[in-house]
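Take a look at the structure below.
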Amino acid sequence: MKILIADKFPAHWTDVLAQAGHQITSNPALDETTLPAAIDGQEILIVRSTKVPAAVIDAGKALKLIIRAGAGTNTIDVKHAAEKGVAVCNCPGTNSIAVAELAMGLMLSLDRRIYHNTRDLRAGVWNKSEYSKAKGIFGRTLGIIGLGHIGREVAKRAEAFGMKIIAYDPFASDEVFASVHAARYADIYTLAADADAVTVHLPETPETKGVFNKKFFDVLKPGAIFINAARGGLVVTTDLVEAVKTKGIKAGLDVYENEPKAADKTFDFTPFEGAENIYGTHHIGASTDQAQDAVAECTVRIIDHYQQTGEFLYKVN
């Protein structure tokens, strides 16, 4: 089969696909504007962050399958793909541990102000009295919004740190809540009022876009920690920045409302100016070697299963 890989993909697994007899074209530099010209004749498209709008799907006359080498599929026009008879599959759960590790890392870093500590040391400043001030997370209440694969992995790690877990997820069963010892909350606002830290693990949909806005941050405790390693569009940036400046909220972000494209080398930090207590990473939550290997293995398994049976594993449309 002809396979186009339009994102970074581990070389070992590319070799596995080639050894299975597939014809591989790999071009990580492709984006939504250049993909239509490259998709002609390709039967399978593999992407991570690269957007796949309707124009790409329309240009893929031979296209049968799009694989999101990761969990979320909000970067793909899933509905249009279904209308064109193109299956969309993803790899749920494969990068959950990596994202959970980063969420915990951001939380700990904010509580102990690790970036600020390091910055001052590099500048030759010794300020032990200032940086000795930290609440600590033992015994604190962590609110998890979204108890999917990632949310559950965060809960396991937070409990090991001695945190009390509360959570909101209208789609998760009572058994799921019980499995991670989380108290069920009816909405995100009552959760925010009780939490010392909140981490969000939701897909971006029309219903969830911008749900973390002024109304939410007004309820969040002063000085609370807010973590978003899910999707940038969930958060209204201006409202978060205002809360950081006026309520002492500390925020750890791996994703952003207006995020650069994969090939971009610059980031517009202007919306965050003056918000010292926002720590950010470069949308690398799922980017550990372990996670990328697991995602690639899942991708190959989807292709093998389709080739052997004509059926689609983890089909979302």
Side-chain angles (χ1 to χ4, degrees), residues 1-10 13-14 17 22-92 94-95 202-210 230-235 237 255-268 282-287 292 295-296 298-300 302-303 306-307 310-317:
M1 304 187 79
K2 291 186 176 181
I3 302 174
L4 174 61
I5 304 174
D7 246 310
K8 293 180 180 179
F9 198 76
W13 291 102
T14 302
L17 288 170
H22 300 293
Q23 183 177 330
I24 310 297
T25 301
S26 179
N27 187 351
L30 290 170
D31 59 25
E32 60 186 296
T33 60
T34 55
L35 254 179
I39 197 73
D40 186 42
Q42 302 293 333
E43 299 167 272
I44 297 175
L45 172 63
I46 299 172
V47 294
R48 286 181 59 199
S49 301
T50 303
K51 293 182 179 180
V52 186
V56 172
I57 297 165
D58 290 340
K61 303 301 182 184
L63 195 60
K64 299 180 177 67
L65 170 62
I66 301 169
I67 302 175
R68 162 73 165 94
T73 56
N74 61 299
T75 53
I76 302 169
D77 193 331
V78 174
K79 182 179 178 182
H80 191 73
E83 292 170 352
K84 291 293 183 177
V86 178
V88 178
C89 298
N90 68 345
C91 297
T94 48
N95 57 18
L202 302 175
E204 184 181 328
T205 67
E207 292 74 30
T208 62
K209 186 174 178 62
R231 291 289 180 265
L234 299 173
V235 177
T237 302
V255 290
Y256 308 91
E257 190 174 10
N258 296 302
E259 197 163 303
K261 294 179 180 179
D264 288 347
K265 300 300 181 184
T266 59
F267 176 75
D268 181 10
H282 298 70
H283 199 157
I284 44 83
S287 297
Q292 291 311 300
V295 166
C298 173
T299 300
V300 170
I302 291 170
I303 293 170
Y306 171 57
Q307 185 180 33
E311 298 174 348
F312 301 103
L313 288 175
Y314 314 121
K315 186 172 180 284
V316 300
N317 66 340

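The shown structure was predicted, so the numbers you read here are calculated from the model rather than taken from an experiment.
Partners of Phe312 according to the ring pair (Phe, Tyr, Trp, His ring centres under 6.0 Å) rule, which considers only residues two or more places apart in sequence or in another chain, are Tyr306. Residues that satisfy the side chain to side chain contact (heavy atoms under 4.5 Å, CB included) test with Glu207, not counting sequence neighbours, are Thr205. Not counting sequence neighbours, the partners of Ser287 by the side chain to side chain contact (heavy atoms under 4.5 Å, CB included) test are Arg48, Ile284, Gln292. Every residue meeting the side chain to side chain contact (heavy atoms under 4.5 Å, CB included) condition with Thr94, not counting sequence neighbours, appears here in chain and number order: Cys91, Ala294, Val295, Cys298. Residues meeting the side chain to side chain contact (heavy atoms under 4.5 Å, CB included) test with Ala59, sequence neighbours left out: Pro36, Ile39. Residues meeting the side-chain hydrogen bond (donor to acceptor under 3.5 Å, both in side chains) test with Tyr314, sequence neighbours left out: Arg301. With sequence neighbours excluded, the residues forming a side-chain hydrogen bond (donor to acceptor under 3.5 Å, both in side chains) with Glu259 are His283, listed by chain and number. Listed by chain and number, the residues in a salt bridge (charged side-chain N to carboxylate O under 4.0 Å, His left out) with Glu43 are Lys64 (sequence neighbours excluded). Taking the side-chain hydrogen bond (donor to acceptor under 3.5 Å, both in side chains) definition, one finds that Asp268 meets it with Thr270, sequence neighbours left out. For the side-chain hydrogen bond (donor to acceptor under 3.5 Å, both in side chains) test, residues two or more places apart in sequence or in another chain that qualify with Arg231 are Asn74.
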Test side chain to side chain contact (heavy atoms under 4.5 Å, CB included) on Ile46 and Phe9 and set out the steps. CA-CA 9 Å; Ile46 299 172; Phe9 198 76; 4.1 Å; yes

Decide yes or no on side chain to side chain contact (heavy atoms under 4.5 Å, CB included) for Val56 and Leu63, but give the supporting numbers first. CA-CA 10 Å; Val56 172; Leu63 195 60; 5.6 Å; no

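The distance from the CE atom of Met1 to the CD1 atom of Ile303 is 8.5 Å, given to the nearest 0.5 Å. In this structure, Lys209 NZ and Glu204 CD are separated by 4.5 Å, a value rounded to the nearest 0.5 Å.
At least one side-chain heavy atom of Ile302 sits less than 4.5 Å from a side-chain heavy atom of Leu65. Contact of the Leu30 side chain with the Val47 side chain is not registered, since no non-hydrogen atoms from C-beta on lie closer than 4.5 Å. Residues Leu35 and Leu45 have side chains in contact (heavy-atom distance under 4.5 Å, counting atoms from C-beta outward).
For the pair Asn27 (side chain) and Ala29 (backbone), a donor-acceptor distance under 3.5 Å is present. Asp7 contributes a side-chain N or O that, together with a main-chain N or O of Ser49, makes up a donor-acceptor pair within less than 3.5 Å. For the pair Asn95 (side chain) and Gly70 (backbone), a donor-acceptor distance under 3.5 Å is absent.
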Could you go through residues 76-87 and list every donor-acceptor pair under 3.5 Å that involves a side-chain atom there, pairing it with any protein atom two or more places apart or in another chain?
residue	atom	partner	partner atom	Å
Asp77	OD1	His80	N	3.0
His80	NE2	Asp58	OD1	2.7

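Looking at Ile44, Leu4, Leu17 one by one, the single match for side chain to side chain contact (heavy atoms under 4.5 Å, CB included) with Ile24 turns out to be Leu17.
Screening residues 22-40 for salt bridge (Lys or Arg N to Asp or Glu O under 4.0 Å), with sequence neighbours left out, gives no hits.
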